[in-house]
J.: 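This is the structure, below, for whatever I ask next.
Counting starts at 1 for both ligands and their atoms, following the listed order. Hydrogens, waters and symmetry mates are skipped; everything else that's a heavy atom, side chains included, is used.
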Amino acid sequence: MHTYLEPAKELPVYRFDVVVAGGGTAGVIAAIAAARTGASVALIEAKGYVGGTMLEGGTTLHSFFTLGKIHGRESKQIVKGIAQELIDRLVAVGGSTGHLIDELGINYDEHCTLIDVESVKLVEAEMLEEAGVQIWFNTLVAGADVENGHIRGMIAQSRVEGRICFEAHSFIDATGWGDLSAYAGAKFTVPKEFSVANSVGVAGVDVERYAKYIEENGGLTGVTYGPRDGENHQIVRIGASFWKVLSTLMAAHKTAQGKDPGYTEEELKQNKIPLSVQQQMAKLALTLGVTTMHDNYFMYLKCNYVMKDGLTSQADMTKAEIELRRRQAASIELLRKSIPGCEKAFIARTSPTLCTRRGRTIECEYDISNAEILEGRHFADDICYFGFHDLAPKYHVGGDGSYGIPLRAILVKGIDNLFAVGMMITSDYDAYMSTRNTVSCMGQGQAAGTLAAMAATTNVPLRSVPIQDLQARLKEDGVYLGQ
Ligand SMILES: Cc1cc2nc3c(=O)[nH]c(=O)nc-3n(C[C@H](O)[C@H](O)[C@H](O)COP(=O)(O)OP(=O)(O)OC[C@H]3O[C@@H](n4cnc5c(N)ncnc54)[C@H](O)[C@@H]3O)c2cc1C
């Protein structure tokens with residue numbers, strides 16, 4: 001390939017105790033924790049708002065609790081701290097339903113905590129400001145200068161200031177994709193053929209008629225009631241079996257075109273249908289479970305477009321951005337034609353960029369396995385508890401329904417002043433289906449931010465802070481560690 005030698009350039013340097021790369025699900029909590037623990041903190045975020053994939057991927061936060069009901073036992077709240085404070089702040093401004101429980105109890109996630117994504121953007125920014133965090137919006141982390149396993153400076157590209165350097169005692173990679181860790185030379189893997197998707201905000205819908213249609217077609221797997229636009233006990237979440245409704249939906253769609261394919265649910269499941277129709281289904285594939293905090297509106301997940309070369313191909317990524325939008329448009333068309341309550345549906349909100357469930361997996365000092373999660377294992381260096389598994393009810397977290405995330409799992413191997421927090425830890429796919437979830441990311445963030453600040457303010461390396469001191473501080477700050 002033809003190359004270009006970029007000329008060396010002197011960059012302005014900004015110095016903080018702690019620099020957090022990425023203001024998403026984990027990064028915001030990390031920055032707040034670090035600032036409250038006495039550090040000077042900068043939060044570097046590529047977009048013009050905070051919140052990350054929590055706003056653009058999923059439709060509800062899984063889960064502050066152990067899974068009780070679906071495993072036939074009592075559930076218990078095990079994630080608290082700043083994550084809970086965020087929910088309290090959101091509830092106070094009508095930006096969250098608070099914690100709700102599914103009425104049918106057959107959904108894989110009995111607890112849900114709905115958020116209004118626009119409220120989160122402001123509430124989190126205000127919490128950061130109150131804590132004294134310096135926020136750098138529209139600033140992209142673009143490189144790292146590393147010497148002997150130590151990050152000397154993080155390079156970023158600010159839209160306003162151009163190329164700049166951040167120095168810090170320690171860095172927290174909360175980019176979701178592991179950008180800073182990769183620039184710093186950490187070992188990582190990137191999945192091939194991984195799907196990308198976004199949640200889409202759909203307006204102009206009648207939520208009750210939509211729910212009725214799903215139920216009448218035998219597709220209702222869960223329903224949750226909560227506050228909606230100031231009125232209590234409204235439908236706020238509908239769990240729906242895609243396959244149950246798909247056969248009806250496809251038949252309706254085809255009938256509208258003068259041809260009924262007449263495939264049964266079993267045939268569709270087993271792909272016993274011609275390839276051309278499968279492709280068509282894939283294009284129109286909808287996840288029909290929705291959440292809402294507003295009348296005439298819901299958020300739903302769409303698409304799961306599989307990028308053949310994963311996230312490593314620029315061309316594939318551009319193609320995926322366009323393909324996702326094409327599918328979103330096609331799916332709205334299908335909803336309008338086929339599902340009662342959606343006759344006037346339109347896309348009111350999309351993500352500015354595609355979301356992935358898995359970017360780079362960064363090699364850390366400890367790699368949690370699914371066997372440990374299923375055993376409900378705790379570690380001497382636990383920094384937070386979690387109990388939700390995205391593959392429930394197939395998997396059952398043992399013990400009291402919780403497991404611990406050890407500090408070692410977020411310390412990047414080979415670099416002495418870098419954490420990796422959020423969805424980029426855990427190489428075991430099944431285990432990661434638990435650790436990647438929003439509320440787990442927040443727990444990891446609080447621990448990383450707290451430790452980074454404790455080390456910076458006492459000027460010791462990250463690994464020299466006694467774990468008991470960190471755990472004591474986390475408990476003081478409301479984190480549940482089994483007390
Ligand atoms: C389609 C989908 C559905 C999901 N559904 C659910 C669900 O229903 N419930 C649930 O609990 N979890 C769900 N998840 C998982 C969960 O949302 C994510 O795992 C979690 O939010 C990831 O948090 P994070 O902090 O690791 O990354 P993010 O929240 O993505 O934060 C990363 C932040 O870093 C910024 N950033 C990235 N690169 C750079 C850079 N180079 N420079 C500066 N800033 C950068 C990003 O803009 C972003 O703000 C879903 C995920 C997806 C993709």
J.: Record the part of His62 in heavy-atom contact with ligand 1 below 4.0 Å; permitted values are side chain, backbone, both and neither.
T.: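 His62 to ligand 1: contacts from backbone and side chain alike.
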J.: Given Ala26, Gly23, Gly422, which has its nearest heavy atom closest to atom 25 (O) of ligand 1?
T.: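 Answer by nearest heavy atom: Ala26.
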J.: Is there at least one pair of N or O atoms, one from Val439 and one from ligand 1, spaced under 3.5 Å apart?
T.: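 Val439 vs ligand 1: no N/O contact under 3.5 Å.
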J.: Of the choices Ser63, Ser195, Ala46, which has the non-hydrogen atom that lies closest to atom 44 (N) of ligand 1?
T.: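 It is Ala46 whose heavy atom sits nearest to atom 44 (N) of ligand 1.
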J.: Without placing hydrogens or testing angles, list every side-chain donor-acceptor pair under 3.5 Å for residues 19-34, not counting sequence neighbours.
T.:
residue, atom, partner, partner atom, Å
Thr25, OG1, Met54, N, 3.4

J.: Within the 4.0 Å heavy-atom shell around Leu140, which atoms of ligand 1 are there?
T.: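 Reading through ligand 1 atom by atom, the close ones are 40 (C), 41 (N), 42 (N).
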J.: Under 3.5 Å, is there a donor-acceptor pair linking the side chains of His99 and Ser63?
T.: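 Ser63 and His99 do not have a side-chain donor-acceptor pair below 3.5 Å.
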J.: Would the distance check show the side chain of Glu372 and the main-chain N or O of Ser369 forming a donor-acceptor pair, the cut-off being under 3.5 Å?
T.: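 Between the backbone of Ser369 and the side chain of Glu372 there is a qualifying donor-acceptor contact (under 3.5 Å).
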J.: Which option out of Asp179, Thr113, Leu354 puts a heavy atom nearest to atom 38 (N) of ligand 1?
T.: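 That would be Asp179.
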J.: Of all the atoms in ligand 1, which lie at a distance below 4.0 Å from a heavy atom belonging to Thr438?
T.: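 In order of number, 10 (C), 11 (O), 12 (N), 16 (C), 17 (O), 21 (O).
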J.: Quick test of your reading of the model: are Lys413 and Glu365 salt-bridged, counting only N-O distances below 4.0 Å?
T.: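 Looking at Lys413 and Glu365, the cut-off is not met.
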J.: Would you mind running through ligand 1 and noting each atom that sits below 4.0 Å from a heavy atom of Cys355?
T.: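 The atoms of ligand 1 under 4.0 Å from a heavy atom of Cys355 are 53 (C).
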J.: Any idea which atoms of ligand 1 are less than 4.0 Å away from a heavy-atom of Ala174?
T.: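 Every atom of ligand 1 under 4.0 Å from some heavy atom of Ala174: 31 (O), 32 (C), 33 (C), 34 (O).
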J.: Do the side-chain N and O atoms of Asp229 and His294 include a donor-acceptor pair separated by under 3.5 angstrom?
T.: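 Side-chain D/A pair, Asp229 to His294: present.
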J.: Quick one: do Arg36 and Asp477 make a salt bridge, cutoff under 4.0 Å?
T.: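 No, no charged N to carboxylate O under 4.0 Å.
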J.: His389 and Asn370: side-chain donor and acceptor closer than 3.5 Å?
T.: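 The answer is yes; a qualifying pair exists.
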J.: Could you tell me whether a side-chain N or O of Tyr480 sits under 3.5 Å from a main-chain N or O of Lys80, the two making a donor and an acceptor?
T.: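 The answer is no, because no donor-acceptor pair under 3.5 Å joins these two groups.
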J.: Using a heavy-atom cut-off of under 4.0 Å, does the side chain or the backbone of Thr139 touch ligand 1, or both, or neither?
T.: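 For Thr139, only backbone atoms sit under 4.0 Å from ligand 1.
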J.: Heavy atom under 4.0 Å from ligand 1: found in Thr356's side chain, backbone, both, or neither?
T.: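 Backbone only.
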J.: Hey, does Cys441 come in under 3.5 Å of ligand 1, counting only N/O atoms on both sides?
T.: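 For ligand 1, there is no N or O atom that lies under 3.5 Å from one belonging to Cys441.
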J.: Please say whether Glu45 places an N or O atom under 3.5 Å from an N or O atom belonging to ligand 1.
T.: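 Yes, at least one N or O pair falls under 3.5 Å.
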J.: Pairs of nitrogen or oxygen atoms closer than 3.5 Å, one from Trp177 and one from ligand 1: do any exist?
T.: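 No - when backbone and side-chain N and O of Trp177 are compared with those of ligand 1, no distance drops under 3.5 Å.
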J.: Please confirm whether the ring centroid of Tyr366 lies under 6.0 Å from the ring centroid of Phe379.
T.: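 Close enough - the centres of the two rings lie under 6.0 Å apart.
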J.: Counting each atom of ligand 1 from 1 as listed, which ones have a heavy atom of Lys47 under 4.0 Å away?
T.: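 The atoms of ligand 1 under 4.0 Å from a heavy atom of Lys47 are 47 (O).
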J.: Any side-chain hydrogen bond (donor to acceptor under 3.5 Å, both in side chains) involving residues 442-451? Give me the pairs, sequence neighbours left out, ordered by first then second residue.
T.: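 For residues 442-451: Ser440-Gln444.
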J.: Within a distance under 4.0 Å of any heavy atom of Gly57, pick out the atoms of ligand 1 and give their elements.
T.: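 So the atoms of ligand 1 that pass are 1 (C), 2 (C), 3 (C), 4 (C), 52 (C).
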J.: Between Ala21 and ligand 1, which residue portion shows a heavy-atom distance shorter than 4.0 Å: side chain, backbone, both, or neither?
T.: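 Near ligand 1, Ala21 shows nothing, with every heavy atom at 4.0 Å or more.
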